[in-house]
Each structure stands twice: as structure tokens, then as C-alpha cells.
Amino acid sequence: MLKNMIILELDYKGQIFVLYKIIHKRHAVLLFFSYSCYDTEMKEIFLSPYDPKSTESRIYELWEQSGFFNPDVCIEKGVTNADAEAFSIVLPPPNVTGTLHMGSALMLAIEDTLVRHARMQGKKTLWIPGTDSAAIATQARVEKDIQKAEKKSRHDLGREELQKRIDIFIEQNKSTMINQMRAMGSSLDWSRYAYTMDEKRYTAVMEAFVKMYEAGLIYRGNRIVNWDPKGQTTISDDEIVHEERKSFLYTFKYSKDFPISISTTRPETKVGDTAVAVHPDDTRYQAFVGKEYSINFCDSEIKIKIIADESVEKEFGTGALGVTPAHSQIDWEIADRHNLERPQVINEYAKMMAPGRLSGLKTTEARDEVVKWLRENDLLEKEEEVTQNIATAERTGGIVEPLPKLQWWIDVEKEFTIPHSNIPNIKSGDRTSLKKIMENSVGENGVSFVTERFEKQYMHWAKNLRPWCISRQIWFGHRIPVWYKEEEIYCGVNPPTETGWTQDSDVLDTWFSSGLWTFTTLGWPEKTKDLETYHPTTIIESGYDILPFWIARMILMSGFFLGEVPFKTVYLHGLVRDGQGRKISKSLGNNIDPVDMAEKYGMDAVRVSLIVGMSPGTDSKISEEKIRGYKNFANKLWNIARYVLTSTENLTDDTVELSPKDMEIKNELDAVITDVNRHFETYRIDMAFDTVYQYIWHRFADEIIEESKVILIGTDEALKVSRQKVLIHILETSLKLLHPFMPFVTEEIWLNLNKKNDRMLMVTKWPQ
RNA sequence: GCGCGGUUAGCUCAGUUGGUAGAGCAACCCGUUUACACCGGGUAGGUCACAGGUUCGAGUCCUGUAUCGCGCACCA
């Protein structure tokens, strides 16, 4: 009778009225009669299709109230042994400026799966939640909002007022973000929540800076930096995106008397030239090496020395390089080797500082002006169109202008004595450097990568490590704990007590504090129990796009401050793309919002859709159809539970031995468990899920249950009871195996299996 | 330029130490008889990018080519 009916329940005067809509081909007939559920054994909840909406928040509340997200509570309540193996993950803190997107949803789904699995295995399991202040992005966002609403710049507001506005903005966004993480079902230990700018973390960052400064690894120096004129700040090499553009390569001479022609794509910088470099072996120019020329170039008096340097390629252009030390990274290094002057000719607003006709022009205008001048003076020899990679700032899109600036740097090559070390090949008390720490931390007994190719990428990056510029000219962030008074410098966690000191106005690169994240979240610089128990963390899980930014910096920082690696394993996931494999972008309008999708299909379906077909390090696809498919799976499971429940109600004697056939079925399930465990060990959770999914749907439901229908109407009592026992066993095991992936629906079924005295599914023992 | 990946069914992807090619979605056909139509049963669909090599045997290992993508560096 119940088949082919859509059941609508109406609660009326304490009775439940049920509307059955009987489907008969295309005709629908409505019947109306009352049906009392209260007296029956069967849980009325199973009469309707699974409804994630009414379930999920209720279940999450139950979990949270139980306290089991906190490993200390698990030990206290006897769920975990006090001496169990530790398993810890720090959540890569999502940016407070945004809402949860599919990328963070994937991250949460993967990590929660790993964490729930570990917890059920009886490990002391800690997953630390956090949010990130994302200094530059946040400040830019708030400034933009203020500019739009009030037509004011940050300078109109002042540092303190801007800070206040940012704080308000962040408070609002933080709760949205945290609620969305909860909606995902994330079993994060909220009692250990950390925010990158909270008091504890702030102090820790200050402490870290001071320690590195005292070790001589942080220094202030005038070097060439990547300056973003649009964002008015320095940026690191990693924040640069190269864009291909068409431009012209000009070949010319500085003056009629100058013996060598040079080529450039940026003629406007040539007023800052102090040398022409040629290769030492280049016979064409050897006679001129060492000569100096004074020239009036486009209204600027310049002095050009001809030098020989190995870095010049004979074959490129004319084989001679005009050296502009102040506005080119390579030229700056050449100037180092040859002790050249470094006049700055472009300022922070990308405008010319040169005298005469170029004075005050934008660089692009100056370029035209210089070319015009060259033509007028008959100095331009060649003009060819070339495609060039131009450096732009990732955040603002501004064209990066290399400039010399006084900034704070971390010296990655400088040697220091490491007091304590667990890093492979580095012993306590050894002389070492940050670069050596980075190179040695990865490999046997150190950090291992789930996807091998990222290890190669990492090593490549570590080998080419350069001085790291850590100061940023913005207002929101961890302020550099350095004070100046005339010629004196003071560096300390607390400001100097006497008057007359002014603090450095810059803040730290956001990756400086992020690098400390695995241990500042565990209480460092204090020697806490958490730090001892959970560090190094078991695994770091994040998108592969931040490998150099974050993973590498954490290894560097943890190595320096703790003498150990920050994590044992690196699991990097790919980008989430749309159903056709395109990048998700605003212009394509192909964004799929995880929270919207969860409203429609349930969070379990969203989580699983993200995990299926995702192998570590490879981009994955998400589409609404896929999510719908897994909603159906949740419902399938729901109905399996309903069937097992109704057909085992009268199970009386559970001492009966299993029939040979049922024994076989049980062994088969054990093989599935082994497979799933093997996949978990290699972090192939996509395959682990697929194994469970295939088993439940196509073996358990399609075959075993179908078979059972015959057995259960039969007359052989022993066979019947045996089968009932096996059905219950398979259902319970399935729920356990599935729980890390689909925590809500499995917990809900578990709670309705009349197992009131048992633990919640999230802390039952994982099948072995 | 240097380094690293991918190329397997119409689409998206698995394929763990070499041993008869797999899944999901889509397509097509059939199914109103009690867990589920948010379902079931079935059908069709592949020179595993190409060329060569190792091997009794290659999607899997080696060499080369094509092509798409990623990372790093940048040529002034």
C-alpha cells in the first residue's frame, strides 16, 4: 500500500492525518484518511523521504552539546584513551572578507572526513578552527566600501578610525563564516578557535619577530622591491602575476658619440642608467670596457660606465645591456658587483623624477616622450614589436614598478645555531640557515607530500629562495614591533617606556604570521600541553595554489622556532571547477554556492559531490546534477534503514549462528572494510567513499536486500533469524563507514535505530 | 627558457606491485504488485593521444612526437 505514494503529513488536534497521493500512470487520485503512527513500532520518521533540512542543524547541535569535538572531553567521557595516538589538523583559516565558496567547502569536507575517521579510530583527535584577517585584501575591501559610501580615503579617516571600521567589518563577517563552517558539519573544536589578529596570536607574532631580529635573521635594508603603485605597498615575488602584453623593443644609442647601441622595452627608465654591461668574452666591445661617458640624455645628465659582466647574453639584442640599478632587479645585482650609483628616477606613484621634459610625467607618457626625443636626435635605430611578460600585482592589478626602498627583510641564507632540532640531517646545536631548514625538512623522516609532484615543486622553490621582504605599507595587520628615536632602533614585544620613540608605521606581510599558524594556535610561545601533544600536526590540507606562500613558510617558521616540521604530511587539493571544467568566475556566472546547494539537496550531498572524483592535487568538478545524485543516495540509505528496521522488528533470538551464506556475506563486508581502510591510509578518500557507495547501493541494496525478501517470507526460522542479524550488521557497519563522508544522515539514522543506550555514531568504534 | 602534470566511453574521471578495460552522469529499451520512481532490470558505447622500444604479456615501464594545462624564472 505504501508504495507509489507521496505522503503529506498534517498535524491536526493531536492526531496525524496523512494524505496519500496514489500515483497511477498519469492520473493522480487523492485519498484522505487518518493514520495513527503513535501506536506502531516503526518510527514514523522513516515514512517520509529523508529531509536534510529539518535534520542537519538539529544533529549539529547534538554533536556540539556532546562536547566530542574537543579531544579532552572525549578522554574525560571515556571515548578516547588518554594515551591514544594523536591526530591533529589546523584548519587553513578562511578569509574573513568572504563567504564560504566551493573551494573552502571542499577543504572542510576533506578535513572533516579525515578528522571523523581518526576520531572513530580512537585517536586523540583535534581539529583547530580559525579565521584569517587577510590584511591587504580586507583593508582594500573596507577602503573600497568607505570610498563608495562616504567618498573618503583612508587618509581622510586616519589610522585609528580605519582600524575601527575594519574591526566592525570583521566582526560581522566572522560570524557568517563560522556559521557556514558549522552548516558544513565540520567537527571543529570551537573551544580552541583562533583568529589571526586576536590578542594571543598578536603577541605571538610580536614575540616571533623579536626572536628572529635578535638572531640577526631580520634586518632593515635598502633594496629593490616590487612596488605596487596602485596599492601603494611593497609586495612579495609570489604576489606577482605575469601578464603577456605586446610592446616595442627599441634599439638606440644614448648619444651620437656613444660607441655601443642598446635595446630596451622601457626607454623612460634609461635616464636612470649608470652603466652599459657587456659579456667579458664579447670581442666586439672589449676595447670599450672601463671607459666612462657623460651624456645629456633627454634633459638628464647621466654618467655611463662600460663594464663587463657574466650575466649578459651576447646573442640577445645588441649584446649590450643598459644598466638601470634602481628600477630592475637584475640591474640592482649588477650594480652590487660593480659598485655603481643607483639613482632613482621613478617615484611611488609611477611618475618620473627626472628633470626637464620628463618631469612629473607618468611612466607611459615618459616612454613616448623619450622615443620622440630619440627620433628627433636621430638616435633610434630599430623598433620591433615583441610580446613581453609584464609584472602585475595580484590583488590590485597594478603594474609593478621595481623601486629601491628601505624595508624589513628575512635573510634566508644567514647561518645561526639551532638549539634543538628534530629536522632530518640537522642536529641540535648545528650551524644552519633557514634555507637549509627548508631543504632538509622534506623527505624521509620529515614532511611527506601525498602527491609527489608537489614535493618536486617545493624543492625547486626552496632552492631558489631569495631574501623575503616582510614589511607592507598598509595599516591593517601586525605592526612591526620596532621603534625609532633619531639614530637609535629598539625592537621588543612591548614599546619602550621613555618618551620620544616612534613606532615603525609598516605592518608585516600576512604570510609572516600565517607561517606561525601551526604552533601559535596551540599556545606558543608558552610551552603548553597542546603544543607538546599535537605538534607537529599530523597533516596539513590546503589548495595547491598556496604551496609556496604558506606551506613553505610554515616549514621555515616551525623549523626556526621549534626545530621541527609543522606537519608530517601535506595533502593538497585542486581547484573546484564547474561541470564543464571551467574555472568558477563571476563573468561566467557559473558559481555554485555550497550553502544554497545544501538548502536544496542537503549538506551530505554537497560534501560527497565535492569528494567524489577528486584525486589529491587534481582539479575537480562540481555541478548541480552531481549534487542531486548524492541526495538520492542519502535517500536510498534512508530507505535501506527503513527496510532493515521493519523487517527485523520481530527479531527475538539473536544467539542463532549465521548460516554459511550469511557468513559469506559477512566476510565479503570485511573485505570491503579492508579496502576502505587501505584507501584511507593512502589518503584516497575519494576511492574510500566510492568503495562504500558501490557496496551499499549495488551490493547491499540491489542484491542482498532483494534476496532477503525471499528468505524473510520463507518458513526456515533459523535462516530468517540469521539473515535478520546480518542485515542489522551490514546496516550498522555501513553507517559507520559512511559517517565520515555523510555525517548528518548517518547520525540521524543511527539515532533512530532504537539504540538509545549506545554512543553517538560520531564516537563509535571504526570497523577494523 | 627551466621544471612538472594531463591526454582512457558522448561528458567528468578512476584504474594502487605490468596479467581479460571500470564508475558516475547522459543516451536507448523495459518495468504500476509493497524499503526506495529521490526506484529497479537491461542495452549500446573505448586502436587507453601518436610512433617506437623492453616483456610471454603494456592503459601501466623506457624513448621520442603532438597537444592542453600548471609552476618557476624572465631577454634588458
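Keep in mind that the numbers below use all heavy atoms, side chains included, and drop hydrogens, waters and symmetry copies. We name chains A, B, ... by the order of the sequence lines, and we start the count at 1 in each one.
- For the pair Tyr458(A) (side chain) and Met438(A) (backbone), a donor-acceptor distance under 3.5 Å is present.
- Distance Ile749(A) CD1 to C36(B) C1': 12 Å, rounded to the nearest Å.
- Pair assignment for C74(B): none, as no Watson-Crick or G-U wobble contacts are both less than 3.5 Å.
- In this pair, Trp697(A) and Tyr693(A) present their aromatic rings tilted. The plane angle is within the 30 to 60° band.
- Distance noted for atom C1' between A51(B) and U67(B): 15 Å (whole Å).
- Taking the six-membered ring for Trp and thresholds of 30 and 60 degrees, Phe252(A) and Tyr254(A) have ring planes more than 60 degrees apart, a perpendicular arrangement.
- Straight-line distance from the OH atom of Tyr630(A) to the P atom of A23(B): 13 Å, rounded to whole Å.
- A donor-acceptor pair is defined here as one N or O able to donate and one able to accept, closer than 3.5 Å; such a pair exists between the side chain of Lys435(A) and the backbone of Lys463(A).
- In this structure, the OH atom of Tyr544(A) is 14 Å from the P atom of G5(B), given to the nearest Å.
- Of the nucleotides present, none pairs with U33(B) by Watson-Crick or G-U wobble criteria with both distances under 3.5 Å.
- Nucleic acid contact for Asp702(A): sugar-phosphate only, since backbone atoms but no base atoms lie under 4.0 Å from a heavy atom of the residue.
- Here Ala277(A) lies out of heavy-atom contact (under 4.0 Å) with every strand.
- Across the P atoms, A66(B) and C29(B) are found 46 Å apart, a figure rounded to whole Å.
- For Leu735(A) and A35(B), the CG to P distance is 19 Å, given to the nearest whole Å.
- Nucleotide A66(B) is matched to U7(B) when pairs are restricted to Watson-Crick or G-U wobble geometry with both distances under 3.5 angstrom.
- Look at CG on Asn389(A): it is 12 Å from P on G1(B), rounded to the nearest Å.
- Taking the six-membered ring wherever Trp is involved, the centroid distance between the rings of Phe741(A) and Phe680(A) falls below 6.0 Å.
- Here Glu56(A) does not pair with Arg607(A) in a salt bridge; the nearest charged N to carboxylate O distance is not below 4.0 Å.
- With both pairing distances under 3.5 Å, U60(B) is matched to nothing as a Watson-Crick or G-U wobble pair.
- One P atom belongs to U33(B), the other to A23(B), and the distance between them is 27 Å to the nearest Å.
- Backbone-only engagement by Lys456(A) is indicated by non-hydrogen atom pairs under 4.0 Å involving sugar-phosphate atoms exclusively.
- Nucleotides G5(B) and A9(B) place their P atoms 22 Å apart, quoted to the nearest Å.
- Atom CD1 of Ile713(A) and atom P of A35(B) are 9 Å apart (whole Å).
- If you take CD of Glu624(A) and P of C25(B), they are 16 Å apart, rounded to a whole angstrom.
- The pair Glu341(A)-Lys303(A) does not count as a salt bridge, with every side-chain nitrogen at least 4.0 angstrom from each carboxylate oxygen.
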Hey, what are the protein-to-nucleotides 15-18 of chain B N/O distances that come in under 3.5 Å?
from: G15(B); atom 1: OP1; to: Arg684(A); atom 2: NH1; distance (Å): 2.8
from: U16(B); atom 1: N3; to: Arg678(A); atom 2: NH2; distance (Å): 3.3

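- Within the shown strands, U43(B) is the pairing partner of A27(B) under the Watson-Crick or G-U definition, both distances less than 3.5 Å.
- Between the side chain of Thr324(A) and the backbone N or O of Lys270(A) there is no donor-acceptor pair closer than 3.5 Å.
- Between Ile330(A) atom CD1 and C72(B) atom P there is a gap of 17 Å when expressed in whole angstrom units.
- For the C1' atoms, the distance linking C2(B) with U60(B) amounts to 28 Å, nearest Å.
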